[in-house]
Every structure is written in structure tokens, then in C-alpha cells.
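Shown next, in C-alpha cells, is the structure this report addresses.
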Amino acid sequence: MSTNGNGSANSYAAVDPDVRLMLEVREDNAAAFEQLVVRYQDRLINVLEHLVHSREWAEDLTQEVFLRVFRARKTYEPGAKFSTWLFTIANNVASNSVRNRSRRKEVAVSSTGSSDSSALPLSELAIAKSALMPARRLDKLEMAEVVSMAMESLGERQRMALLLCKFENMSYQDIADTMDLSVKAVKSLLSRARVNLKTILEPYMDAGVRPSGSGADEE
Amino acid sequence: MTDHDDEQLDPIDEELVAYLDGEIDPTGRVRVERRLAEDAAFRDRLRRMQQTWEALDLLPRTNAGDAFTSSTMTLVVAEQEVAATQAVEQLKTQRGQRWWWAAAGTVAAAALGFALVYRTLTAEDQALVEDLPVIEKVDQLHNTPSVDFLARLQQEGLFLADTNED
């Protein structure tokens with residue numbers, strides 16, 4: 001993401017303290033970089049963990065994102081809020097990583113005949129995971145589990161848009177910038193994601209019935 | 001699983017989502033709020049949408065902690081050290097190349113200088129050789145009345161003949 005000129009660069013630096021920190025990082029200020037790491041590490045891990053369903057993988061990706069930020073410091077020009085720039089990098093890093101891993105899994109699947117559990121429809125996921133859970137209790141833990149499963153059933157782009165909207169409170173415009181989409185596409189993506197979530201979660205929320213249909217996960 | 005974005009989406013859902021996200025235009029906002037006041041089913045639809053949105057708050061949040069910060073900084077420092085080492089190596093290579101260029105330049109300059117001096121000296125000697133007959137007879141030539149007389153002698157071949165005889 002590049003600047004539209006010195007005017008916009010200055011305006012971002014004026015309103016966004018993280019842009020100012022990044023400008024210090026550009027001047028090789030390691031303390032400023034550490035501050036950015038501290039400020040954003042949890043936010044990145046949280047979004048990425050829900051995106052890739054693995055804490056360890058999310059941590060690796062987060063460190064890769066910070067490394068890329070550091071490598072790009074000398075050419076950094078503020079052209080957006082720092083968080084938008086950072087999550088754009090995160091989105092690219094995560095998408096590439098998911099794609100590469102999928103390719104590797106495709107090879108493994110074709111040789112072993114096994115399937116990728118993260119791509120299972122929700123109904124199968126629910127059955128698989130319910131065996132690991134105690135008796136049906138409408139407690140927060142179980143609810144969190146069901147919500148996680150519902151998230152897993154969404155496509156990668158819907159999930160990313162949803163996470164940025166929910167956890168990062170990003171505007172549609174910022175999500176569009178981060179994911180390189182139009183605002184209209186983001187609006188549509190988020191609507192589909194939320195309708196899908198509602199379809200999946202409603203039976204459980206209304207009657208404690210774990211989702212058994214497969215209609216909701218077809219986006 | 002892929003995002004089937006081309007599938008038809010209920011415009012009411014789209015409008016409700018935009019309303020909940022505060023991303024609706026003022027006209028749309030008025031329209032939604034008017035309908036919410038009048039239509040119980042519409043209100044219920046919004047409530048359900050909101051309910052599932054709030055359920056996302058239950059998703060576990062993680063705290064990476066200081067250890068993660070340290071390991072990230074260590075990674076960055078390690079990468080910086082590798083980059084610094086590579087830069088030093090590159091500098092050494094460039095310096096080595098610069099020395100060779102300087103040496104080659106000095107040799108070339110010396111060769112050029114030698115060639116120029118040699119050529120200049122040779123040219124002076126050549127002029128002396130060409131002027132030798134005149135030099136040998138310089139005393140006699142001093143006694144000639146004019147340059148025209150010498151020119152006539154040369155035209156008639158007397159000057160050359162005389163020179164060749166010598």
C-alpha cells in the first residue's frame with residue numbers, strides 16, 4: 001500500500017500513532033518496532049488462529065508478518081492506517097500459507113486417501129467433535145465450541161472479513177483495502193457470512209440442538 | 001470450502017447486516033428503522049442476526065505474552081545480523097573489485113603514456129632525418145641569395161642531384 005503523496009502520508013502520521021511508530025522503525029529504531037510487536041501480536045494471533053485453526057501455525061504466521069514488516073521498513077510510506085497495512089500483509093501471508101499447505105495436503109490425500117478435517121462440512125465436524133465433549137450442557141464452553149465449528153465451516157474469505165469486522169472493528173472500506181476487494185464485495189461477503197452463521201447457530205441457540213444439516217455451510 | 005459469492009443474497013439480510021455494522025446510508029437507515037418500528041417479524045430477524053454476531057464474542061482469545069515478543073525480536077535481530085554479514089561480504093567483494101580496476105587503470109595509463117612519449121620522440125628523430133641534407137649544407141645555404149634561388153635549383157634537379165652525390 002503506497003502513499004498518494006506527502007499530504008496523505010503526513011495526515012496518516014498525524015492521526016495514527018502506530019504510523020508514527022512505523023516511521024521510527026524506518027529509521028532503524030528497534031524499540032519502536034518492539035512496541036508495535038507488543039501492540040499487535042495478540043490481535044494478529046487471534047485473527048490468524050481463527051483463520052487457520054491452529055495456535056502454533058498462527059504464531060508462526062504472526063512472526064512471519066512481523067519479519068515482513070521489518071524487512072519492508074526502509075520502503076514504508078504511510079498510505080493507510082497502520083493496522084490496515086499490517087492486516088493486508090497478514091492476509092497475504094495467511095492466504096499463501098493456507099494455499100501452500102492445501103497443495104501439500106492434496107498430495108498427501110491423493111497418496112493416503114484421507115481427508116482434510118478443516119474442509120469437512122459442519123455436520124461432520126459436529127459429529128466428530130461432539131464425541132470428544134461431555135453431555136449436552138448449554139454452557140459457554142460448549143457454545144464457544146459450536147461457534148468455533150461454525151466459523152470453521154465458513155470459507156476463508158468470509159472468515160477473514162468477519163474476523164476483521166468483529167475483532168478489529170474495521171470499516172468496510174478498511175476491510176476492502178486489507179483484502180483487496182471492493183466495498184460492495186465486502187458488504188456481500190459479510191452478509192453471506194453472517195447469514196450462514198445464523199443458519200448454523202440458530203438451532204443450537206434456540207433449542208440446544210447441535211447443527212445436523214449441511215445447508216448452512218454451503219456459502 | 002469456497003466462497004460462493006455469486007449466489008443470490010436476500011437484500012433484506014444485506015441491509016440488516018449493513019445496519020448492524022453502521023455501514024448503511026442515511027436513507028437506508030430511516031427505511032430500516034421505520035420498518036423495525038412497524039414489523040415484529042423484521043425486528044425478530046434483526047435480533048437473531050445480532051444474537052449470532054454476539055455469539056462470536058465467545059470465541060477464545062489468546063494472549064501471546066512476553067516470551068512471544070522476545071522470540072519475535074530475536075528472529076528479527078538474527079535476520080538483521082545475517083543481512084549485516086551479507087552487506088560486509090558484498091562490501092569486501094566491491095573493494096576487491098575496485099582494487100583490481102585501479103591496478104588495471106594504472107597499467108593502462110602507463111602504457112598509454114609510454115606510447116605517447118615514444119611516438120613524440122620518434123617523430124622528432126624522423127624530422128631530423130628528413131632535414132639532414134639541409135643540415136649538412138647549412139653553411140652553404142646561408143650564402144645563397146634567396147629562397148627563390150634555392151627553389152629554382154630544386155626545380156631543375158640540381159639540388160637533389162648534388163645531395164644524392166653526397
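All values below were derived from every heavy atom in this structure, side-chain atoms included, with hydrogens, water molecules and symmetry-related copies excluded. Per chain, numbering begins at 1; letters A, B, ... match sequence-line order.
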Heavy atoms of other groups near A:K74 NZ, more than 12 under 6.0 Å | yes
Look at atom CZ of B:R47 and say whether more than 12 heavy atoms of other residues, nucleotides or ligands are closer to it than 6.0 Å.
-> yes
Heavy atoms only: give me the nearest A:R194-B:T52 pair and the separation to one decimal.
-> O-OG1, 4.5 Å
Sequence neighbours excluded and cut-off under 3.5 Å, please list the side-chain donor-acceptor pairs for residues 69-85 of chain B, or say none.
unit_1, atom_1, unit_2, atom_2, d
B:T69, OG1, A:Q41, OE1, 2.9
B:T69, OG1, A:Q41, NE2, 3.0
B:T69, OG1, B:G65, O, 3.2
B:S70, OG, B:D66, O, 3.1
B:S71, OG, A:Q63, NE2, 2.6
B:S71, OG, B:F68, O, 3.3
B:T72, OG1, A:Q63, NE2, 3.2
B:T72, OG1, B:F68, O, 2.8
B:T74, OG1, B:S70, O, 2.7
B:E79, OE1, A:R71, NE, 3.1
B:E79, OE1, A:R71, NH2, 2.7
B:E79, OE2, A:R71, NE, 2.8
B:T85, OG1, B:E81, O, 2.8

Taking everything shown except B:Q94 itself, do over 12 heavy atoms lie less than 6.0 Å from its CD?
-> yes
Here the pair of heavy atoms bringing B:R61 nearest to A:N46 is CA-OD1, 3.2 Å
A:D180 atom CG: more than 12 heavy-atom contacts under 6.0 Å | no
Interface check, chain B: of A:L44, A:D42, A:N169, most non-hydrogen pairs under 4.5 Å belong to A:D42
Which pair of non-hydrogen atoms, one from B:L58 and one from A:A144, has the smallest distance, and what is that distance?
-> O-CB, 3.4 Å
Using a cut-off of under 4.5 Å on heavy-atom pairs, state which of B:D57, B:L20, B:L59 scores highest against chain A.
-> B:L59
Once you round to the nearest 0.5 Å, how far does CE of A:M205 lie from CD of B:E54?
-> 8.5 Å
With chain B, which of A:K187, A:H50, A:E49 has the greatest number of heavy-atom pairs at distances under 4.5 Å?
-> A:H50
Pick one of side chain, backbone, both or neither for B:D10, based on which atoms fall under 4.5 Å of a heavy atom in chain A.
-> neither
A:Y172 versus chain B, heavy atoms under 4.5 Å apart: side chain, backbone, both or neither?
-> both
Non-hydrogen atoms of B:L9 and A:S188 that approach each other most closely | CD2-O, 4.1 Å
Scored by heavy-atom pairs under 4.5 Å with chain A, the best of B:E14, B:M49, B:Q51, B:E23 is B:E23
Contact part of A:L162 toward chain B, heavy-atom cut-off under 4.5 Å: side chain, backbone, both or neither?
-> both
So does B:R48 pair up with A:D206, basic N to acidic O under 4.0 Å?
-> yes
